[in-house]
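Read the structure below first, then the notes.
Keep in mind it's a predicted model, so treat the numbers as computed, not measured.
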Amino acid sequence: MAVIPLIRQGVLGVTILFSVVELAVSASLISQSVQYYGITDVFCVLGVAVAAISLMTLPVMLVVDILRRGAFTSMIAVELGWLSILWILWVAVAGETAYQVGAITSLGCTYVNTIVNGMCQEVQAIEAFAFLNFIIILLYTGFLFVMTMVAASRGQSVWLSSVKDSFGSPTGSVEHPMIQYNASAAPQPQVYPTGTPAQPQYAASPTQSAATRPAITV
């Protein structure tokens, strides 16, 4: 189970990287739309907002879990709740982008005007990275929820612990120090020799000696 914390770091790291790309492309498309057409598309603003939210929260969850043990942001219950909100936001960005410009980008970005062609490619990038973030976060959230339910069915309460503490050890649970006992303190059984035990020897009493002594005649 030690691979689960590595999966978590990989998922959060890739999502952060894709969010940076999404933020840059959406901001560029907003700038060009205002400059050439005087309008701002809703999906661009939504992409900037969701990417900014992801960049303000995911790095905190990743770094705090590495530097501090038992932090509130590292709890599995908190992580599942927040990541569920994020994948809903990302699917909203992807769906809004596909709805507004789906007919334009479906024909391919083959416009003669280089500016329009570049803007079309940026729209495709916004849609693609939004769908990627949605799929990655959704799959990880579902996987983490299933693993948490499996641990709970085995009697392990992991909802308020971190992924590293719950699934970081090879056995999938928090390690406890073993109690050492002193072997010499244990009582040792007494060993008796086999056979008939020797009978104790007693000295003859004075009365018995006098009775067996021969009488002396004068």
Side-chain angles (χ1 to χ4, degrees), residues 1-30 33 40-66 73-109 118-152 158-159 161-164 166-168 172:
M1 297 293 183
V3 71
I4 298 180
L6 297 179
I7 294 176
R8 176 183 182 273
Q9 294 179 2
V11 167
L12 296 184
V14 171
T15 305
I16 291 171
L17 177 61
F18 288 172
S19 298
V20 171
V21 177
E22 183 82 9
L23 179 62
V25 176
S26 298
S28 175
L29 187 58
I30 290 175
S33 298
T40 301
D41 294 315
V42 176
F43 67 91
C44 293
V45 178
L46 189 59
V48 170
V50 177
I53 293 173
S54 299
L55 292 176
M56 287 188 296
T57 57
L58 295 183
V60 174
M61 296 172 61
L62 186 61
V63 175
V64 170
D65 185 62
I66 297 175
T73 55
S74 301
M75 294 181 180
I76 292 180
V78 176
E79 188 167 316
L80 285 174
W82 179 244
L83 291 182
S84 298
I85 295 175
L86 279 185
W87 71 254
I88 292 174
L89 292 176
W90 279 114
V91 74
V93 175
E96 182 67 20
T97 306
Y99 173 75
Q100 289 195 12
V101 295
I104 300 176
T105 57
S106 61
L107 301 176
C109 298
M119 295 176 65
C120 178
Q121 293 176 353
E122 289 181 348
V123 171
Q124 289 180 335
I126 292 173
E127 182 180 0
F129 282 104
F131 271 115
L132 286 175
N133 278 346
F134 155 64
I135 294 173
I136 292 173
I137 299 176
L138 176 63
L139 291 178
Y140 172 71
T141 304
F143 172 73
L144 181 59
F145 180 76
V146 171
M147 296 303 298
T148 304
M149 293 301 295
V150 171
V158 298
W159 293 101
S161 60
S162 64
V163 174
K164 180 173 60 177
S166 302
F167 306 106

Which atoms form the tightest heavy-atom contact between [X] and [Y], and what is the distance?
X	Y	answer
T141	L80	O-CD2, 3.6 Å
I16	L55	O-CD2, 3.6 Å
A51	S19	CB-O, 3.5 Å

Side chain to side chain, [X] and [Y], heavy atoms closer than 4.5 Å:
X	Y	value
T73	V78	no
F129	L132	yes
F167	I76	yes
V11	L83	no

From [X] [atom1] over to [Y] [atom2], what is the distance, rounded to the nearest 0.5 angstrom?
X	Y	atom1	atom2	value
I30	D41	CD1	CG	8.5 Å
E127	E22	CD	CD	10.0 Å
L58	L17	CG	CG	12.0 Å
C44	Q100	SG	CD	8.0 Å
W82	M61	CH2	CE	9.0 Å
I126	L29	CD1	CG	4.5 Å

Parallel, tilted or perpendicular: rings of F134 and W87 (30°, 60°): tilted
Criterion side chain to side chain contact (heavy atoms under 4.5 Å, CB included) on K164 and S74, from CA distance to verdict: CA-CA 9 Å; K164 180 173 60 177; S74 301; over 6 Å; no
Side chains of W90 and S54, donor plus acceptor under 3.5 Å: yes
Check: S166/S161 side-chain N/O donor and acceptor closer than 3.5 Å: yes
Verdict with reasoning, T15 to Y140, per side chain to side chain contact (heavy atoms under 4.5 Å, CB included): CA-CA 11 Å; T15 305; Y140 172 71; over 6 Å; no
Side chain to side chain contact (heavy atoms under 4.5 Å, CB included) between Y99 and V42, worked out: CA-CA 11 Å; Y99 173 75; V42 176; over 6 Å; no
T97 side-chain N/O to V93 backbone N/O, donor-acceptor pair under 3.5 Å: yes
